[in-house]
Amino acid sequence: MKKDIVTLSELSEEDFEKLFKRAFELKERHKKGIRENVLAGKTVGLLFDKPSTRTRISFEAATAQLGGTPIFINAKDTQLSRNEPVKDVARVLSRYMDALVIRTYSQGLIEEFAEYSSIPVINALSDLYHPCQVLSDIMTVIECKGACKALKIVWVGDGNNVANSWINAAAVIGLNLVLACPEGYFPDKKVMEKALEKKCGRITLMSDPAEAVKNADVIYTDTWVSMGQEQDKEAKQKAFGPFQVNAELVKKASKDVIVMHCLPVYRGYEMTEEVLEGPSSVVWDQSENKLHLHKAVLEALIIG
Ligand code: CP
Ligand code: NVA
């Protein structure tokens, strides 16, 4: 049966481990200049309805570096923009390509694509989740710290799509995840409830960032205003002031804390320039690892 990655909850702990192992191997081979050919003759579609620097380009590069051909599809240039049913587009694209990477607003749309496609569907961000981001982020945590399970991982800021995917990952592989978000901006309630039902890992919600980051091994933040929320910008900037990741906050964490951000970053809002460019920041490694992890995802889903 074909496999998709639309939430992260469809993966087992073993799937996570296999992806990390292969991504590290592929990273090492890439550094040595070894050429891969596992996707020779395969075509990967990238259907995007929101902007992207990292996710789009790393998936395109990953496909090309594995010997396959990426095809970028701007959703606005397709008949989807004139209400062609998703179930029709999904079946048509399945006749042309070997996997489909989708970035859009509605999680439901990605799930409908997965249901009607006969090829693997990969969520490259929806309003609800950003699963591949969190996969490559955990790879970065393992790379920097040697492991991820014994660590205190602290999310500071908006309970958004990336936070929801961290919650899903924590529930599959058993992480100690603390989320500090302003009242009214907690992660999705259903996502939280489902994760807690699994009784795997420790997931804690709070509204005090200073308390949350005590002894943190990882501090993670993201923009306060996600794509599609531009109308809430002013209200959010007011509510999120105390949640800025700055030197004072980072000082309260473990002394060898790493600071993460999926990027793009808004300097002076969710993170200061000093922290972003400081010694604890691993944001550029995070961005690089998207390339290697995406290769592992494409290979696992297309080749098996
Ligand atoms: N982190 C991330 O998904 O970045 P892009 O929006 O540039 O793809
Ligand atoms: N939460 C952000 C992530 C961008 C990569 C957004 O959805 O815009």
Side-chain angles (χ1 to χ4, degrees), residues 5-8 23 44-63 70 72-75 100-110 122-141 155-169 179-182 185-188 191 218-233 235-237 239-240 243-245 258-267 269-271 276 281-295 297-298:
I5 297 184
V6 295
T7 68
L8 277 190
V44 175
L46 294 108
L47 177 65
F48 276 53
D49 201 14
K50 280 178 174 174
S52 172
T53 302
R54 282 145 288 270
T55 309
R56 169 186 169 180
I57 297 164
S58 60
F59 263 114
E60 288 197 45
T63 305
F72 177 70
I73 312 158
N74 183 342
L100 186 59
V101 180
I102 308 177
R103 170 170 289 197
T104 190
Y105 295 84
S106 155
Q107 174 69 18
L109 186 139
I110 298 179
I122 300 165
N123 181 348
L125 182 147
S126 70
D127 289 343
L128 192 62
Y129 295 126
H130 197 359
C132 294
Q133 179 67 47
V134 171
L135 282 173
S136 53
D137 291 340
I138 298 174
M139 175 186 175
T140 305
V141 171
W155 176 276
V156 178
D158 194 16
N160 65 12
N161 43 7
V162 182
N164 290 333
S165 286
W166 268 102
I167 292 168
N168 283 348
L179 300 109
C181 314
Y185 296 101
F186 283 153
D188 186 87
V191 172
V218 177
I219 297 177
Y220 197 120
T221 193
D222 183 16
T223 180
W224 295 337
V225 186
S226 286
M227 291 178 275
Q229 299 180 339
E230 290 73 16
Q231 71 286 355
D232 304 331
K233 190 171 170 178
K236 290 191 98 174
Q237 285 179 350
F240 281 80
F243 290 76
Q244 182 184 68
V245 175
I258 56 168
V259 176
M260 304 181 75
H261 191 307
C262 59
L263 305 183
V265 57
Y266 297 87
R267 291 166 165 85
Y269 292 92
E270 73 271 13
M271 192 180 277
L276 181 77
S281 167
V282 298
V283 300
W284 315 117
D285 295 326
Q286 260 183 280
S287 287
E288 175 184 338
N289 284 338
K290 286 170 76 79
L291 172 73
H292 309 298
L293 194 283
H294 291 168
K295 283 184 187 172
V297 162
L298 290 169

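Counting starts at 1 for both ligands and their atoms, following the listed order. The first residue of the sequence shown is numbered 1, and numbering continues consecutively from there.
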With only distance considered, is Asn161 within less than 3.5 Å of ligand 2 through an N or O on each side?
-> yes

Flag the pair Arg54 / Leu291 as yes when at least one side-chain heavy-atom distance between them is below 4.5 Å, and no otherwise.
-> no

Yes or no on salt bridge (charged side-chain N to carboxylate O under 4.0 Å, His left out) for Asp127 and Lys50, after CA distance, side-chain angles and deciding distance?
-> CA-CA 10 Å; Asp127 289 343; Lys50 280 178 174 174; 2.6 Å; yes

So, Trp224 versus Tyr266, ring centres under 6.0 angstrom or not?
-> no

Would you please indicate if the ring centroids of Phe240 and Tyr269 are separated by under 6.0 Å?
-> no

Can you pull out the closest protein heavy atom to atom 7 (O) of ligand 1? Residue, atom name and distance to 0.1 Å, please.
-> Thr53 N, 2.6 Å

One finds that the ligand 1 atoms under 4.0 Å from a non-hydrogen atom of Cys262 are 1 (N)

Ligand 1 contact by Lys50, heavy-atom criterion under 4.0 angstrom | no

Could you tell me whether Met227 and ligand 2 have an N or O pair separated by under 3.5 Å?
-> yes

Do the side chain of Ser52 and the main chain of Phe48 share a donor and acceptor less than 3.5 angstrom apart?
-> no

Could you tell me which atoms of ligand 1, counted from 1 in the order shown, lie closer than 4.0 angstrom to a heavy atom of His130?
-> 2 (C), 3 (O)

Side-chain contact, heavy-atom cut-off 4.5 Å: Thr104 with Ile110?
-> yes

With a 4.5 Å limit on heavy-atom distance, are the side chains of Val297 and Ile5 in contact?
-> yes

Close N or O approach (Ser226, ligand 2; < 3.5 Å) | yes

Could I get the full list of side chain to side chain contact (heavy atoms under 4.5 Å, CB included) partners for Asn160, not counting sequence neighbours?
-> Trp155, Asp158, Val162, Ala163, Asp222, Ser226

Any N or O on Asn160 sitting closer than 3.5 Å to an N or O of ligand 2?
-> yes

For atom 5 (C) of ligand 2, the closest protein heavy atom turns out to be Leu263 O, 3.7 Å

Do me a favour and list the nearest non-hydrogen protein atom to atom 3 (C) of ligand 2 with residue, atom name and distance?
-> Asp222 OD2, 3.6 Å

Would you mind running through ligand 1 and noting each atom that sits below 4.0 Å from a heavy atom of Gln133?
-> 1 (N), 2 (C), 3 (O)

Show which atoms of ligand 2 fall inside a sub-4.0 Å distance from at least one heavy-atom site of Leu125.
-> 3 (C), 4 (C), 5 (C), 7 (O)

Donor-acceptor pair, Asn161 side chain versus His130 backbone, under 3.5 Å?
-> no

So, do Met260 and Asp137 sit near enough that their side-chain heavy atoms are less than 4.5 Å apart?
-> yes

Identity of the nearest option to atom 6 (O) of ligand 1, non-hydrogen atoms only, from Arg103, Lys290, Arg56, Gln286 = Arg103

Report the nearest protein non-hydrogen atom to atom 4 (O) of ligand 1: residue, atom name, distance rounded to 0.1 Å.
-> Arg54 NE, 2.9 Å

Check whether any heavy atom of Leu263 sits under 4.0 Å from an atom of ligand 1.
-> yes

